[in-house]
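Structure, as structure tokens:
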Amino acid sequence: MKYSEKIHNFIVSEKDSLISLVSELVSVRSVMSDAAENAPFGKENARVLDIMLGHCRHLGLKTVNIGNAIGYADFGDNPGLAVLCHLDVVPGGEGWKADPFTLRCENDRLIGRGTSDDKGPAAAALFAVKAVMELGLPLKKGIRLIFGTNEENGSADLNYYLREEKMPPMVFTPDGEYPVINIEKGMIRLRLSCDMPDNSPVISFSGGSVINAVPASAEAALRNIIPVPEEKFAGTSFECARENDFFSVRARGVSAHASTPESGKNAVTALLGLIAESFPECEEIIRLSELFPYGETDGSSLNAAEKDDISGELTAVLSILELKDNRLSAYVDVRFPVSCTSSRVIGNISRTAAEKGFGCEVILADEPHHTDENSPFVRTLLKVYGEIMNVEAKCIAIGGGTYVHHIDGGVAFGAQFPGEDVNMHGAEEYITIEGLLKNAEIMANAMTELCLE
């Protein structure tokens with residue numbers, strides 16, 4: 001690539017300024033909160049957008065703020081490329097060694113909420129544009145940086161943008177992984193439910209807290225004690241105790257993201273299976289356990305198994321189970337490949353659930369996202385990444401969703417490198433200084449290669 005050495009040297013020279021911007025962005029607690037006047041996703045989300053657009057204006061970029069929900073900064077006219085970033089973050093949560101909203105540097109790691117998702121990459125994108133500007137590279141297409149504030153809670157910010165503007169013909173987001181994510185499975189969220197009889201041996205059941213994760217714990221209150229198996233449900237453990245006039249049983253498993261359920265151990269389905277084996281009269285629990293046998297993740301028992309060569313197999317996770325007021329409610333997360341549709345999957349599951357006596361309510365149905373890996377846009381991104389990192393770069397498919405899931409032709413390009421675990425959404429989230437600089441360098445080269453002609 002013609003300008004790669006110049007870009008590299010410039011980005012390295014800007015290290016301190018880039019880190020300073022990341023620190024400023026991290027210090028804003030831009031977690032979605034109640035809407036306020038001129039702040040649809042909360043005052044702090046509006047404030048961090050204003051800060052970022054201010055930095056863009058300082059560089060000489062033309063900026064537009066759309067309702068304090070989303071904004072953009074343009075370098076050049078008629079942008080041919082958009083880099084879509086988000087400035088909102090998930091809550092700090094527990095387990096941090098220090099304030100998650102104060103940037104710390106330890107052993108080349110910049111630690112703080114949003115450093116990797118997505119404030120660090122957003123800052124890197126701005127410095128990539130700065131490199132292109134300061135070096136005077138001869139671009140023939142403009143570049144648009146888009147900064148949203150609601151990606152973590154549904155991406156409603158994109159609706160604000162699309163009511164006012166069109167997306168440029170090429171769009172990538174540093175909200176995923178390298179080399180290029182061009183396929184994202186479809187997503188379905190369901191609620192299966194049925195009534196339980198008053199005399200059920202199961203008094204209550206609760207397990208799981210979020211619908212997009214394999215539940216690591218579950219507990220039930222029972223009228224009678226049950227034998228606790230030692231190794232019947234591999235990878236889980238059980239505790240049983242008498243509490244007043246009933247018996248409690250608790251299951252412990254291993255959490256995992258719902259897009260990769262095979263890496264977890266589902267405490268809910270383990271406890272369901274244990275109760276089903278112990279109480280043959282508890283028909284509702286037995287039928288639900290038959291739909292979600294412990295260890296199964298491909299939806300076979302729901303008659304929903306699907307698979308293709310480019311995006312893999314369907315996954316189905318019973319992630320939350322509640323028994324309250326004699327109503328049993330099971331919440332299910334399904335990720336399905338590009339070869340099928342949400343209507344087909346929902347139809348198969350709802351018919352199978354009905355045969356077992358369960359109603360089926362659709363909470364969410366998102367179709368898969370697929371951008372052609374052979375498009376000139378994608379091939380250029382792969383070329384840039386491959387040459388800078390000295391690897392053979394190929395597209396990847398994921399079960400999760402990124403910020404471009406509903407944008408035709410969009411892909412995720414970074415910011416996480418292969419094999420890297422940056423504690424995204426967890427305690428001690430970080431990005432390395434080297435990784436931050438490398439992201440800026442990669443993006444600047446991509447901008448140059450895509451917009452020279």
Side-chain angles (χ1 to χ4, degrees), residues 48-49 52-53 55-57 59-67 69-88 117-133 137 139-151 155-182 184 369-372 375-382 384-385 401-415 439-453:
V48 75
L49 176 61
M52 190 59 152
L53 293 179
H55 280 276
C56 294
R57 285 192 298 273
L59 288 181
L61 303 181
K62 174 187 174 183
T63 65
V64 175
N65 185 331
I66 305 175
I70 194 168
Y72 64 85
D74 282 351
F75 171 55
D77 299 323
N78 300 317
L81 170 69
V83 182
L84 177 62
C85 310
H86 67 89
L87 301 173
D88 61 309
D117 181 31
D118 194 36
K119 291 177 175 179
L126 178 56
F127 273 73
V129 169
K130 184 177 182 180
V132 172
M133 294 174 63
L137 304 187
L139 303 192
K140 296 182 180 179
K141 300 174 185 175
I143 301 168
R144 173 167 290 180
L145 300 178
I146 304 175
F147 303 105
T149 64
N150 185 240
E151 189 275 341
S155 298
D157 50 352
L158 291 178
N159 296 329
Y160 284 76
Y161 178 90
L162 293 172
R163 283 197 294 263
E164 301 283 338
E165 300 283 352
K166 291 182 179 180
M167 283 289 174
M170 299 179 290
V171 182
F172 73 74
T173 181
D175 185 43
E177 304 170 35
Y178 288 116
V180 172
I181 296 172
N182 72 316
E184 301 173 16
H369 175 80
H370 184 195
T371 296
D372 184 6
S375 70
F377 171 49
V378 173
R379 300 311 302 174
T380 299
L381 293 177
L382 291 172
V384 168
Y385 179 81
T402 74
Y403 209 10
V404 295
H405 190 86
H406 297 104
I407 298 174
D408 289 343
V411 296
F413 186 55
N439 265 284
E441 180 183 345
I442 291 170
M443 283 191 272
N445 277 281
M447 293 169 181
T448 303
E449 292 293 309
L450 290 167
C451 298
L452 278 175
E453 298 180 357

* To do: Would you indicate whether the side-chain heavy atoms of Asn150 and His86 approach each other to under 4.5 Å?
  => no
* What distance do Glu151 atom CD and Asp118 atom CG have between them, rounded to the nearest 0.5 Å? -> 7.5 Å
* To do: For the pair Thr149 (side chain) and Ala69 (backbone), establish whether a donor and an acceptor sit closer than 3.5 Å, ignoring hydrogens and angles.
  => yes
* **Crowding at CG, Asp408 (>12 non-hydrogen neighbours, <6.0 Å)** => no
* Asked: Thr402 and side-chain hydrogen bond (donor to acceptor under 3.5 Å, both in side chains): which partner among His369, Glu177, Glu184?
  -> Glu184
* Would you confirm whether Asp74, through its side chain, and Lys62, through its main-chain N or O, come within 3.5 Å as a donor-acceptor pair? => no
* Please examine the side chains of Lys119 and Val48, heavy atoms only from C-beta on, and report whether any two atoms are closer than 4.5 Å. => yes
* Side-chain touch Pro174/Val83, heavy atoms, less than 4.5 angstrom -> yes
* Ile143: which of Cys451, Pro79, Pro168 passes side-chain contact (heavy atoms from CB on, under 4.5 Å) -> Cys451
* Asked: Within the side chain of Asp175, is there an N or O that forms a donor-acceptor pair under 3.5 Å with the backbone of Tyr403?
  -> yes
* **4.5 Å side-chain heavy-atom contact, Met447 and Val129** => yes
* Asked: Hey, mind stepping through Thr448 and Val384 against side-chain contact (heavy atoms from CB on, under 4.5 Å) and telling me if it holds?
  -> CA-CA 10 Å; Thr448 303; Val384 168; over 6 Å; no
* Asked: So do Tyr161 and Met167 actually touch side chain to side chain, heavy atoms under 4.5 Å?
  -> yes
* His55 (side chain) donor-acceptor with Ala123 (main chain) under 3.5 angstrom -> no
* Contact check, side chains of Leu452 and Leu139, non-hydrogen atoms, under 4.5 Å -> yes
* To do: Kindly indicate whether the side chain of Leu158, heavy atoms from C-beta on, has any atom under 4.5 Å from the side chain of Ile70.
  => yes
* Min side-chain heavy-atom separation Tyr178-Asn439 under 4.5 Å -> yes
* To do: Rounded to the nearest 0.5 Å, what's the gap from CG on Leu145 to CE on Met443? Could you check?
  => 9.0 Å
* To do: Classify the angle between the aromatic ring planes of Phe172 and Phe413 as parallel (below 30°), tilted (30 to 60°) or perpendicular (above 60°).
  => perpendicular
